[in-house]
Undergrad: 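This structure is in structure tokens; I'll ask about it shortly.
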Amino acid sequence: MKGVTESITKNRQPEPVLRTMTQRAFGAHRVPEGQGWAEELGHGWFNVAYLIRLRDGLPVVLKIAPPPGVEVMTYERGMMRNEVTALSLVRRATSVPVPAVYHYDDSHELCGADHFFMEYIDADNLGVLSDRLTPGEQQGYQRLIGATTRTLNRVPGPHFGPLTGPVPGRTTWREVFTGLVADVLRDGEHRAVDLGVPYATVRSLLAARAGCLDAVTEPVLVEWDLWPGNVMVRDGALAAVIDHERALYGDPLMEAGFAACRLEGFGDPAGFLHGYGKPALTPDEDARRRLYDLHLMLVMVIETVYRGHTDPAQYDFARAGLARAVDALAPGAAVRPGT
């Protein structure tokens with residue numbers, strides 16, 4: 001399993017179980033024979049995924065949610081159902097290419113968790129390819145990501161929050177977003193994660209700055225996790241967007257592409273903004289993006305403990321980013337007039 005990312009949330013299964021899953025999804029006549037028909041795919045941090053070649057030669061991807069005995073963060077509960085919902089929505093409402101879902105099983109009978117089979121996309125992962133690209137090629141792909149993000153953000157939503165349904169008691173965008181941050185903070189305290197700043201300070205800054213969220217009154221589809229690692233490309237064109245499990249109805253400025261407008265280490269935002277068709281953030285938008293930066297860094301710090309990371313690179317990067325996000329929200333911090 002060379003190149004496979006390790007995480008305790010990966011619900012790996014032995015070959016007999018994979019065979020039973022495949023039979024349930026496609027029928028006994030399409031179950032592979034012999035050995036070497038299932039290969040674990042790398043790069044993902046949360047779910048385990050396998051490339052499986054059916055007896056007739058069709059390659060498919062099997063994705064399995066974390067096992068029931070592994071604790072996950074609050075917002076990660078039910079994420080596989082959210083992803084299947086997102087895939088259906090994107091295929092129905094946009095021209096953005098995404099994998100087709102062949103079979104979804106939420107019975108938990110075979111592996112103790114949700115799992116689904118989807119189309120295999122024969123293309124390059126942009127996150128893996130990036131180091132071999134010229135600056136011009138990287139800018140071109142960032143413009144492509146920006147344009148794709150804009151297309152997705154044009155899909156209106158019926159409510160704020162998860163695609164699978166609103167969270168009781170959270171109706172407005174302010175209620176939904178501050179609820180997301182509150183959940184993440186409780187998750188961090190539950191596992192005694194050291195943020196580098198007091199939890200009380202984060203809560204106080206959020207409460208003081210949350211009023212800017214009231215400007216968001218129309219929910220739209222937000223991928224939130226649309227970064228190069230979730231983009232498949234072929235011959236310079238977009239082949240597919242993958243990993244939609246974190247999608248929600250919310251504010252487009254929450255998208256990953258806008259993180260580079262304020263956070264160090266997320267690349268040059270110029271290409272993304274050009275592709276999206278947005279020259280700069282207004283002061284009001286910048287104020288909201290500060291809160292989204294805070295949330296993103298909190299997630300990135302705290303999830304390392306829930307994943308059981310042994311490499312401290314992400315934790316160190318995110319903790320430094322969190323410190324900067326907190327400073328940007330502190331009393332007296334100026335709101336920039338754009339980017």
Undergrad: Taking all heavy atoms of Asp251 and all of Val222, pick out the closest pair and write down the distance.
TA: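 In terms of heavy atoms, the two residues are closest at O-CG2, 3.5 Å.
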
Undergrad: Test side chain to side chain contact (heavy atoms under 4.5 Å, CB included) on Phe160 and Glu175; report intermediate values, then the result.
TA: CA-CA 9 Å; Phe160 287 112; Glu175 291 169 342; over 6 Å; no

Undergrad: Nearest 0.5 Å please: distance from the NE2 atom of His244 over to the CD atom of Glu223.
TA: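 Atom-to-atom, His244:NE2 and Glu223:CD are 5.0 Å apart.
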
Undergrad: So do the side chains of His295 and Met254 get within less than 4.5 Å of each other, counting heavy atoms only?
TA: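 They are in contact (side-chain heavy atoms under 4.5 Å apart), so the answer is yes.
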
Undergrad: What heavy-atom pair brings Val167 and Pro162 nearest, and what distance separates the two atoms?
TA: CG2-CD, 3.8 Å

Undergrad: Check the pair Tyr306 / Thr9 against side chain to side chain contact (heavy atoms under 4.5 Å, CB included), numbers first and verdict last.
TA: CA-CA 8 Å; Tyr306 281 81; Thr9 59; 5.8 Å; no

Undergrad: We want to know whether Asn47 and Glu83 form a side-chain donor-acceptor pair, criterion being a heavy-atom distance below 3.5 angstrom.
TA: no

Undergrad: What closest approach, in Å, do Arg234 and Ala239 show between heavy atoms, and which atom pair accounts for it?
TA: NH2-CB, 3.8 Å

Undergrad: Okay, side chain of Asn11, backbone of Ala113: is any donor-acceptor separation there less than 3.5 Å?
TA: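 Absent.
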
Undergrad: State whether the side chain of Gln138 and the backbone N or O of Ser130 hold a donor-acceptor pair below 3.5 Å, judged by distance alone.
TA: yes

Undergrad: Quick check against the 3.5 Å criterion: does Arg30 have a side-chain atom that pairs as donor or acceptor with the backbone of Asp56?
TA: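 Here the side-chain-to-backbone pair does not exist.
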
Undergrad: Are the side chain of Arg174 and the backbone of Val216 linked by a donor-acceptor contact shorter than 3.5 Å?
TA: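 Flag not set: sc Arg174 to bb Val216 has no pair under 3.5 Å.
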
Undergrad: Closer than 3.5 angstrom, by distance alone: can the side chain of Tyr141 be matched with the main-chain N or O of Val231 as a donor-acceptor pair?
TA: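 Side chain of Tyr141 to backbone of Val231: no pair is present.
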
Undergrad: Going by the angle between their ring planes, with limits at 30° and 60°, are Phe272 and Phe258 parallel, tilted or perpendicular?
TA: perpendicular

Undergrad: Rounded to the nearest 0.5 Å, what separates atom CG in Leu87 from atom CD1 in Ile242?
TA: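 Interatomic distance, Leu87 CG to Ile242 CD1, rounded to 0.5 Å: 10.5 Å.
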
Undergrad: Can you tell me if Glu71 and His190 form a side-chain donor-acceptor pair at under 3.5 Å?
TA: yes

Undergrad: Under 3.5 Å, is there a donor-acceptor pair between the side chain of Arg55 and the main chain of Val31?
TA: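 Pair found, side chain donor or acceptor close to backbone of Val31.
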
Undergrad: Report yes or no: does Glu119 contribute a side-chain atom to a donor-acceptor pair with the main-chain N or O of Pro99 at less than 3.5 Å?
TA: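 Such a contact is absent between Glu119 side chain and Pro99 backbone.
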
Undergrad: Could you tell me whether Arg290 and Asp286 make a salt bridge, using a distance below 4.0 angstrom between a side-chain N and a carboxylate O?
TA: yes

Undergrad: Side-chain heavy atoms under 4.5 angstrom apart, residues restricted to Ile, Leu, Val, Met, Phe, Trp, Tyr: same cluster for Leu18 and Phe26?
TA: yes

Undergrad: Please tell me if the side chains of Ser107 and Arg24 come closer than 4.5 Å, counting only heavy atoms from C-beta onward.
TA: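 A side-chain contact under 4.5 Å exists here.
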
Undergrad: Please find the pair of heavy atoms, one from Leu296 and one from Trp224, that lie closest to each other, and give the distance.
TA: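 Closest approach of Leu296 to Trp224, heavy atoms only: CD1-CZ2, 3.9 Å.
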
Undergrad: Using a strict cut-off of less than 4.0 Å between a Lys/Arg side-chain nitrogen and an Asp/Glu carboxylate oxygen, indicate whether Glu189 and Arg203 qualify as a salt bridge.
TA: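 Counted as a salt bridge, because a side-chain N and a carboxylate O are separated by less than 4.0 Å.
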
Undergrad: Can you tell if the side chain of Asp187 reaches within under 4.5 Å of the side chain of Val72, non-hydrogen atoms only?
TA: no

Undergrad: Are Val17 and Val70 joined in one hydrophobic group, where the rule is that I, L, V, M, F, W and Y side chains link up if heavy atoms are under 4.5 Å apart?
TA: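 Result: no, two separate clusters.
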
Undergrad: From Arg289 CZ over to Glu255 CD, what is the distance, rounded to the nearest 0.5 angstrom?
TA: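 Going from the CZ atom of Arg289 to the CD atom of Glu255 covers 9.0 Å.
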
Undergrad: Rounded to the nearest 0.5 Å, what's the gap from CG on Leu180 to OH on Tyr292? Could you check?
TA: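 Rounded to the nearest 0.5 Å, the CG-OH separation comes to 10.5 Å.
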
Undergrad: Are any of the side-chain heavy atoms of Met21 and Phe117 separated by less than 4.5 Å?
TA: yes

Undergrad: Check the hydrophobic clustering (I, L, V, M, F, W, Y; side-chain heavy atoms under 4.5 Å; chains of links allowed) and say if Leu226 and Val299 are grouped together.
TA: yes

Undergrad: Is the shortest side-chain heavy-atom distance between Asp243 and Lys63 below 4.5 Å?
TA: yes

Undergrad: Is there a donor-acceptor contact under 3.5 Å linking the side chains of Thr282 and Asp284?
TA: no

Undergrad: Specify whether His115 and His103 have parallel, tilted or perpendicular ring planes, treating 30° as the upper limit for parallel and 60° as the lower limit for perpendicular.
TA: tilted

Undergrad: Apart from Trp227 itself, what residues make up its hydrophobic cluster, given side-chain heavy atom links below 4.5 Å?
TA: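 Direct or chained contacts put Trp227 with none.
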
Undergrad: Answer yes if the side chains of Arg12 and Tyr50 hold a donor-acceptor pair under 3.5 Å, and no otherwise.
TA: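 No, Tyr50 and Arg12 have no side-chain donor paired with an acceptor closer than 3.5 Å.
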
Undergrad: Give the intermediate values and the outcome of side chain to side chain contact (heavy atoms under 4.5 Å, CB included) for residues His274 and Gln139.
TA: CA-CA 10 Å; His274 182 270; Gln139 281 290 303; over 6 Å; no

Undergrad: Please enumerate all residues that pass ring-ring contact (aromatic ring centres under 6.0 Å, His included) together with His159, with sequence neighbours excluded.
TA: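 In terms of ring-ring contact (aromatic ring centres under 6.0 Å, His included), with neighbours along the sequence ignored, His159 is linked to Tyr249.
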
Undergrad: If we only count heavy atoms from C-beta on, is the Thr22 to Leu62 side-chain gap below 4.5 Å?
TA: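 Answer no - side chains too far apart.
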
Undergrad: Measure from the side-chain N and O atoms of Ser88 to the backbone N and O of Thr85, and report whether any donor-acceptor pair falls under 3.5 Å.
TA: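 Pair absent, no side-chain N/O of Ser88 close to backbone of Thr85.
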
Undergrad: Identify whether Tyr75 and Met297 are in the same connected component of the hydrophobic contact network (ILVMFWY, side-chain heavy atoms under 4.5 Å).
TA: yes

Undergrad: Is there side-chain contact between Leu205 and Leu294, with heavy atoms separated by less than 4.5 Å?
TA: no

Undergrad: Can you tell me how far the CG atom of Leu89 sits from the OG1 atom of Thr94, to the nearest 0.5 Å?
TA: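 One gets 8.0 Å once the value is rounded to the nearest 0.5 Å.
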
Undergrad: Does some side-chain heavy atom of Leu195 sit less than 4.5 Å from a side-chain heavy atom of Leu185?
TA: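 Result yes, sub-4.5 Å side-chain heavy-atom pair found.
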
Undergrad: Which residue pairs satisfy the salt bridge (Lys or Arg N to Asp or Glu O under 4.0 Å) criterion with at least one member in residues 153-170, sequence neighbours excluded?
TA: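 The answer is Arg170-Asp183.
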
Undergrad: Between Arg324 and Asp293, does any NZ, NE, NH1 or NH2 come within less than 4.0 Å of an OD or OE carboxylate oxygen?
TA: no

Undergrad: List the atom of Leu51, the atom of Pro59, and the distance in Å for their closest heavy-atom pair.
TA: CD1-CB, 3.9 Å

Undergrad: Specify the closest pair of heavy atoms between Val241 and Val98, including all atoms of both residues, with the distance to one decimal.
TA: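 For Val241 and Val98, the tightest heavy-atom pair comes out as O-CG1, 3.6 Å.
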
Undergrad: How about Asp214: does its CG atom have over 12 heavy atoms from other parts shown lying under 6.0 Å from it?
TA: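 Yes, CG of Asp214 has more than 12 neighbouring heavy atoms, counting only those of other groups under 6.0 Å.
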
Undergrad: Check the hydrophobic clustering (I, L, V, M, F, W, Y; side-chain heavy atoms under 4.5 Å; chains of links allowed) and say if Ile64 and Val101 are grouped together.
TA: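 Different hydrophobic clusters.
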
Undergrad: Report the C-alpha distance between Met232 and Leu126 in whole Å, list the side-chain angles of each, state the deciding distance to 0.1 Å, and finish with yes or no for side chain to side chain contact (heavy atoms under 4.5 Å, CB included).
TA: CA-CA 6 Å; Met232 305 298 291; Leu126 183 57; over 6 Å; no

Undergrad: Can any side-chain N or O of Asn82 pair as donor or acceptor with the backbone N or O of Ala247 at less than 3.5 Å?
TA: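 Looks like yes, one N/O pair under 3.5 Å.
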
Undergrad: Return yes if some donor-acceptor pair links the side-chain N/O of Arg209 with the main-chain N/O of Ala330 below 3.5 Å, else return no.
TA: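 Side chain of Arg209 to backbone of Ala330, a donor-acceptor pair under 3.5 Å: yes, one is there.
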
Undergrad: Which class fits the ring pair Phe177 and Trp173: parallel under 30°, tilted 30 to 60°, perpendicular over 60°?
TA: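 Aromatic pair Phe177/Trp173 classed tilted.
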
Undergrad: Quick one: pull up CG in Asp194 and OH in Tyr199 and give me the separation to the nearest 0.5 Å.
TA: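 Result: 7.5 Å between the selected atoms.
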
